[in-house]
Amino acid sequence: MDKKIKAKYFFIAALLFFFILVPVLTVFSEALMPEGRFAPAHAIHVVLQAENLKTVFNSLLLGFLVVVTSSLLAVPLAFLLAKSRFARYRWLDILFLVPFMTPPYIASMGWILFVQRRGLFQQLFPFTGHLSEVFLSLAGLTLVMSFHSFPFMTTILKNAILNLGDNLDESARICGAGFRYRLRKITLPLLKGNFAIAMLLVFVKTLSEYGTPATLGRRIGFAVFTTDIHRFASTAPIDFGTAASLSSVLVVICMVMWLLQTYVTDKNTYAVVGGKGNRSGSTSSRFVTLAGGAYIALLMLVTIGIPYFSVLSTSLIKLRGFGLAPGNFTLEHYATLLTESDGGLDALLTSTALAVASAILVSIAGTLIVVAIRKAGRWKKVISGFALFPQMIPNIVLVIGLMLFWNKIYAFVPLYNTLGFMVLVYSVMFLPYSIQYVSSSLMQISGSLLMAGRVCGGSRGYVFRRITLPLVMKGILAGWMMTFIIVFRELVASSLIAPPNTLTVSTFILSEFEQGSVSVGMAMAVLCVLFTTAVLIGMNHLTGKR
């Protein structure tokens with residue numbers, strides 16, 4: 001490897017280190033050096049305060065409860081979608097991704113509107129009294145977060161069950177093993193690694209989630225890492241030192257969980273797909289069909305039906321005092337939102353512009369990085385590790401780090417507190433999506449094809465433009481689409497780094513909800529879901545044509 005190529009790899013690694021690793025290190029620096037001098041005792045003292053210890057305990061407790069609840073929901077569903085007659089209905093896989101693709105703060109707002117005092121449930125079933133308000137508790141918070149997380153766990157477990165096939169189970173059955181024995185000795189041990197991965201990922205995702213704790217959790221007075229970090233970093237008197245200390249603890253916990261996941265995966269991974277055929281069948285038991293159908297219908301009701309019914313109906317209600325009464329429905333809130341609402345149309349345009357700019361920047365950067373390090377050897381691991389690091393830590397910690405770092409260098413680079421800074425933050429946060437999609441496409445291209453282009457006289461630029469780029473365009477468009485959708489409705493970064501008097505879709509919805517203009521906020525939520533769904537369908541159609 002000549003010096004010029006090494007210098008190129010070093011330059012890419014240095015850029016990623018500057019934009020990603022340095023901000024995270026700034027968080028630890030702020031926690032350990034609150035006033036410019038090394039004082040780790042201060043950070044320990046902050047974390048050990050009773051209020052902050054309660055926050056740590058609440059976060060860990062919520063993570064544990066969500067993992068348990070998600071497991072109880074996901075395991076039966078994964079079995080039904082893999083081993084029952086419901087496996088033939090592929091549309092169920094897509095349908096159960098709707099809760100996972102729905103912004104958590106929108107789903108939690110839908111549940112609040114449904115179960116609160118004089119909410120939609122009490123209007124539909126007045127004879128139940130205040131029964132629905134029991135949902136506004138830790139149990140309700142756990143359920144709402146589990147409704148968002150369990151589809152992710154279901155997908156992992158379903159794929160693992162399909163890979164097992166029926167060969168091992170049938171062999172044990174022929175040898176006289178009963179169902180419980182086969183389940184205990186064959187199925188569960190083989191699924192242990194996948195199940196552990198799913199549980200650990202759900203746990204980390206729960207600790208990192210801000211939307212649901214900020215809406216439902218704040219309503220019941222249940223503080224967690226993300227809400228307290230956000231409060232210390234955005235509400236006067238601002239205390240970046242405490243926010244950094246809590247962020248450091250959160251990063252350490254998440255990194256420990258990632259290491260634990262790697263260890264569990266290495267110890268509990270079994271090769272079950274080999275050269276021999278592996279037949280996979282399904283059960284046609286009448287009881288399984290009836291019970292499974294009822295279970296799937298119930299999950300659809302509570303994860304999709306209730307939140308979307310609440311959001312849609314609230315956006316159409318004319319006077320909240322009359323609720324679901326006949327004649328109390330109107331489209332005025334949508335008209336108000338797009339015409340004379342305070343900041344509604346501006347929020348839509350701002351979110352769209354930020355999403356487009358961030359998606360373009362991420363797509364270009366991700367593509368150039370992946371193509372540049374295709375044959376980087378050991379440098380490839382270093383650069384990939386830097387680029388994918390944002391995926392391993394909570395978004396709120398990365399945002400706090402970027403805020404602290406760019407605020408410190410404001411005198412040299414006055415980017416902080418501008419729309420350009422928002423684009424930078426979004427690009428750093430979601431760069432891993434582009435890299436993963438483009439890498440997946442590039443892996444399918446044989447090196448001999450690119451070499452043939454060079455042998456026939458094509459320059460590196462020509463080969464990239466006429467061969468590599470067209471072949472990886474599908475991955476680029478997929479990464480662009482995912483980045484656009486997530487940035488368009490992103491909440492935690494928007495609420496922390498938006499310049500004064502600048503609203504995005506997510507902050508507009510949250511502010512309208514908190515100020516009592518619930519119908520206008522829910523109208524914006526409906527438009528948000530419809531718009532991102534339309535973009536998803538349009539980009540899928542475009543990539544399908546390619």
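In this chain, residues are counted from 1 in sequence order.
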(request) Step by step, work out the side-chain contact (heavy atoms from CB on, under 4.5 Å) result for Phe195 and Leu157. (result) CA-CA 7 Å; Phe195 188 46; Leu157 294 179; 3.9 Å; yes
(request) Search all heavy atoms of Ser108 against all heavy atoms of Gly211 and return the closest pair with its distance. (result) OG-O, 4.3 Å
(request) For Ser149 and Ser146, run side-chain hydrogen bond (donor to acceptor under 3.5 Å, both in side chains): C-alpha distance rounded to whole Å, both residues' side-chain angles, the deciding distance at 0.1 Å, then the answer. (result) CA-CA 5 Å; Ser149 300; Ser146 300; over 6 Å; no
(request) Of all the heavy-atom pairs spanning Pro213 and Glu209, show the shortest one and how long it is. (result) CG-O, 3.6 Å
(request) Using a 4.5 Å cut-off on heavy atoms from C-beta on, say whether the side chain of Trp406 contacts that of Phe421. (result) yes
(message) Between Thr418 (side chain only) and Leu415 (backbone N and O only), is there a donor and an acceptor less than 3.5 Å apart?
(response) yes
(message) Could you go through Val67 and Thr206, starting from their C-alpha distance and side-chain angles, then the distance that decides it, and tell me whether this counts as side-chain contact (heavy atoms from CB on, under 4.5 Å)?
(response) CA-CA 8 Å; Val67 166; Thr206 302; 5.6 Å; no
(message) Testing Thr212, Val311, Thr215 one by one against Met109 for a side-chain contact (heavy atoms from CB on, under 4.5 Å), which residue passes?
(response) Thr215
(request) Would you confirm whether Thr227, through its side chain, and Ala214, through its main-chain N or O, come within 3.5 Å as a donor-acceptor pair? (result) no
(message) Does the plane of the ring in Phe17 sit parallel, tilted or perpendicular to the ring in Phe386? Use 30° and 60° as the thresholds.
(response) tilted
(request) Using a 4.5 Å cut-off on heavy atoms from C-beta on, say whether the side chain of Thr533 contacts that of Met101. (result) no
(request) Report yes or no: does Thr532 contribute a side-chain atom to a donor-acceptor pair with the main-chain N or O of Val529 at less than 3.5 Å? (result) yes
(message) Quick one, Val204 and Trp258 - any side-chain contact, counting heavy atoms below 4.5 Å?
(response) yes
(request) Check whether any side-chain heavy atom of Phe152 sits under 4.5 Å from a side-chain heavy atom of Leu97, and report yes or no. (result) no
(request) Report the distance from atom CD1 of Ile94 to atom CZ of Arg90, rounding to the nearest 0.5 Å. (result) 10.5 Å
(request) Check whether the side chains of Ser245 and Ser248 place a donor and an acceptor atom closer than 3.5 Å, and report yes or no. (result) no
(message) Assess, by modelled atom type and distance only, whether the side chains of Ser494 and Tyr426 contain a donor and an acceptor separated by less than 3.5 Å.
(response) yes
(message) Check the orientation of Phe488 and Phe484. Use parallel for under 30°, tilted for 30 to 60°, and perpendicular for over 60°.
(response) parallel
(request) Enter the distance from Phe508:CZ to Leu503:CG here, rounded to the nearest 0.5 Å. (result) 7.5 Å
(message) Closer than 3.5 angstrom, by distance alone: can the side chain of Ser434 be matched with the main-chain N or O of Phe430 as a donor-acceptor pair?
(response) no
(message) I need the Leu15 CG to Phe11 CZ distance, nearest 0.5 Å.
(response) 4.0 Å
(request) Kindly assign one of parallel, tilted or perpendicular to the pair Phe10 and Trp379, based on the angle between their ring planes and the thresholds 30° and 60°. (result) perpendicular
(message) Less than 4.5 Å apart, side chain to side chain, heavy atoms only: is that true for Ile509 and Leu491?
(response) no
(request) Step through the shown structure and confirm whether more than 12 heavy atoms of other residues, nucleotides or ligands are within 6.0 Å of NZ on Lys381. (result) no
(message) Between Ser29 (side chain only) and Leu25 (backbone N and O only), is there a donor and an acceptor less than 3.5 Å apart?
(response) no
(message) Looking at every non-hydrogen atom in both residues, tell me the closest pair between Thr483 and Ala359 and how far apart they are.
(response) CG2-CA, 3.8 Å
(request) Look up atom CG in Leu388 and atom CD1 in Ile383, then write down how far apart they are to the nearest 0.5 Å. (result) 11.5 Å
(request) Can you see which heavy atom on Ala78 is nearest to which on Lys158, and at what distance? (result) CB-N, 3.8 Å
(request) Supply the atom-to-atom distance Met482 CE to Ser363 OG, rounded to the nearest 0.5 angstrom. (result) 12.0 Å
(message) Which heavy atom of Ile435 sits nearest to which heavy atom of Ser439, and what is that distance?
(response) O-OG, 2.6 Å
(message) Surrounding CZ of Phe18 (heavy atoms of other residues, nucleotides or ligands, distance under 6.0 Å), is the total greater than 12?
(response) yes
(message) Tell me if a side-chain donor or acceptor on Ser495 pairs with a main-chain N or O of Val492 at a distance below 3.5 Å.
(response) yes
(message) Taking Met403's backbone N and O only, do any of them form a donor-acceptor pair with Asn407's side chain (distance below 3.5 Å, no angle check)?
(response) no
(message) Contact between Ser208 and Asn395 at the side-chain level, heavy atoms closer than 4.5 Å - yes or no?
(response) no
(message) Quiz question: by atom type and distance under 3.5 Å, do the side chains of Thr102 and Tyr308 form a donor-acceptor pair?
(response) yes
(request) Describe, in one word, how the ring planes of Phe96 and Phe150 are oriented to each other, choosing from parallel (under 30°), tilted (30 to 60°) and perpendicular (over 60°). (result) perpendicular
(request) Would you indicate whether the side-chain heavy atoms of Tyr437 and Lys474 approach each other to under 4.5 Å? (result) no
(message) Please evaluate residues Glu490 and Ser506 with respect to the criterion side-chain contact (heavy atoms from CB on, under 4.5 Å), reporting the C-alpha separation (whole Å), side-chain torsions for both, the decisive distance (0.1 Å), and the verdict.
(response) CA-CA 6 Å; Glu490 209 282 331; Ser506 55; 5.6 Å; no
(request) Can you see which heavy atom on Ala372 is nearest to which on Lys8, and at what distance? (result) O-NZ, 3.9 Å
(message) I'd like to know if the side chain of Ser351 and the backbone of Val505 have a donor-acceptor N/O pair within less than 3.5 Å.
(response) yes
(message) Quick one, Ile396 with Leu496, criterion side-chain contact (heavy atoms from CB on, under 4.5 Å). Give me CA distance, side-chain angles, the key distance, then yes/no.
(response) CA-CA 9 Å; Ile396 193 169; Leu496 283 172; 4.2 Å; yes
(message) I want to check something: taking the side chain as every heavy atom from C-beta on, are Ile253 and Val256 in contact at a cut-off of under 4.5 Å?
(response) no
(message) To the nearest 0.5 Å, what is the distance between CE on Met257 and CG on Leu200?
(response) 4.5 Å
